[in-house]
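What follows is a set of notes on a single structure, which appears directly below.
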Amino acid sequence: MAPDRDRWIRPLAIAAIVLGLGASGLFVAVVIVWAKSFGPADEAPKVTDWLQAWASVGALVAGLLAAIFTGGLLRYEISEGRRARREQELVGPRAVISGIPDFEYGDGGLIKRVSLCVYNYGPAPIRRVLAVIESSGTRITLFAPVLGPGDSEDLTWLIERDAAEALEESLPAYTVALMFIDSTALWSRVDNGEPKKLTILPEEVGPR
């Protein structure tokens with residue numbers, strides 16, 4: 001079931017039930033008073049009959065308001081529960097951080113090596129760690145099979161001359177994207193921003 005639909009279905013069901021009961025009760029109360037009005041002239045509806053009928057209506061209205069309040073509270077608790085689960089799920093991915101890429105230059109002033117340190121400060125290991133440094137269409141892909149909790153690893157890539165020339169022209173602008181798998185999902189994090197779940201597994205990450 002879709003999250004938005006699931007969020008509303010219980011409160012709406014409660015409200016619908018109470019509305020139905022309220023309408024039925026109101027109908028019964030009105031019918032009772034109306035029926036008494038057709039009795040003998042000396043048995044016309046008394047003030048107490050009307051008070052009793054309206055008291056029943058008032059009780060139904062109060063019950064309806066209480067049900068609406070309960071439905072709203074239930075909706076709030078469901079929303080807060082989902083938010084708490086989402087925050088708990090993000091604890092590990094938020095703790096996976098990329099450092100600043102280190103560009104090592106060789107003869108001729110061209111970049112010959114790129115190094116990037118990836119840190120896992122989370123409580124659980126991550127697998128299939130993929131770091132992609134991209135600058136104006138030039139992509140450098142770094143890979144680590146596993147990073148345990150509290151571990152870090154320097155990932156290094158030797159760059160060919162053509163790629164080095166293209167990269168040299170586009171620096172210093174670049175982005176660093178991390179992709180990794182933990183115990184719950186496949187995640188992506190760009191420039192240490194908020195982690196996002198991925199639904200498509202990149203080929204570089206490989207099978208789960």
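Keep in mind that what you see is a predicted model, and the values were worked out from it rather than measured.
In this structure, Lys196 has no side-chain contact (heavy atoms from CB on, under 4.5 Å) partners at least two apart in sequence or on a different chain. With sequence neighbours left out, the side-chain hydrogen bond (donor to acceptor under 3.5 Å, both in side chains) criterion links Thr156 to Ser115. With sequence neighbours excluded, the residues satisfying side-chain hydrogen bond (donor to acceptor under 3.5 Å, both in side chains) with Arg83 are Glu80.
Contact annotation: the side chain of Phe180 approaches that of Val96 to within less than 4.5 Å [non-hydrogen atoms, C-beta and beyond]. Counting only heavy atoms from C-beta outward, the side chains of Ile126 and Ile181 never approach each other to under 4.5 Å. Counting heavy atoms from C-beta outward, Leu198 and Met179 have side chains that approach closer than 4.5 Å.
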Side-chain donor-acceptor distances from residues 142-152 under 3.5 Å, at least two apart:
| from | atom 1 | to | atom 2 | distance (Å) |
| --- | --- | --- | --- | --- |
| Asp151 | OD2 | Gly148 | N | 3.2 |

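To the nearest 0.5 Å, the span separating CD on Gln88 from OG1 on Thr184 amounts to 10.5 Å. From Leu155, atom CG reaches atom OG1 of Thr141 across 11.0 Å, with rounding to the nearest 0.5 Å. Taking OG from Ser188 and CG from Leu130, the interatomic distance works out to 9.5 Å, rounded to the nearest 0.5 Å.
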### Task
Start with the C-alpha gap between Lys197 and Leu186, add the side-chain angles, then the distance that decides, and say whether side chain to side chain contact (heavy atoms under 4.5 Å, CB included) holds.
CA-CA 6 Å; Lys197 281 185 178 180; Leu186 170 66; over 6 Å; no
### Message
Could you walk me through whether Glu77 and Arg82 satisfy the salt bridge (Lys or Arg N to Asp or Glu O under 4.0 Å) test, starting with their C-alpha distance in whole Å, then the side-chain angles of each, then the deciding distance to 0.1 Å, before giving a yes or no?
### Response
CA-CA 9 Å; Glu77 290 178 350; Arg82 286 179 178 159; over 6 Å; no
### Task
Could you give me the CA-CA distance, side-chain angles and deciding distance for Glu153 and Val118, then say whether side chain to side chain contact (heavy atoms under 4.5 Å, CB included) is met?
CA-CA 6 Å; Glu153 186 163 341; Val118 179; 5.8 Å; no
### Message
Assess the residue pair Asp154 and Leu116 against the criterion (side chain to side chain contact (heavy atoms under 4.5 Å, CB included)); give the C-alpha distance rounded to whole Å, side-chain angles, the decisive distance to 0.1 Å, and a yes or no.
### Response
CA-CA 6 Å; Asp154 287 310; Leu116 178 72; over 6 Å; no
### Message
Apply side chain to side chain contact (heavy atoms under 4.5 Å, CB included) to residues Val176 and Val190 and explain how you reach the verdict.
### Response
CA-CA 6 Å; Val176 178; Val190 179; over 6 Å; no
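The backbone N or O of Gly122 lies less than 3.5 Å from a partner atom in the side chain of Asn120, making a donor-acceptor pair.
Tyr174 and Pro101 get closest at one heavy-atom pair: OH-CD, 3.4 Å. Nearest heavy atom pair, residue Ala131 against residue Leu178, reads CB-CD2, 3.7 Å. Residue Pro195 comes nearest to Arg86 through the heavy atom pair O-NH2, 4.0 Å, listed as atom of the first residue, atom of the second, then distance.
With side-chain heavy atoms closer than 4.5 Å counting as contact, directly or through intermediates, the hydrophobic cluster containing Tyr119 also holds Ile97, Tyr121.
Residue pairs meeting the side chain to side chain donor-acceptor pair (under 3.5 Å) criterion with at least one partner in residues 90-102, sequence neighbours excluded, are Glu87-Arg94, Arg94-Glu194, Ser98-Asn192.
Hydrophobic clustering (side-chain heavy atoms under 4.5 Å, transitive across Ile, Leu, Val, Met, Phe, Trp, Tyr) groups Trp157 together with Phe103.
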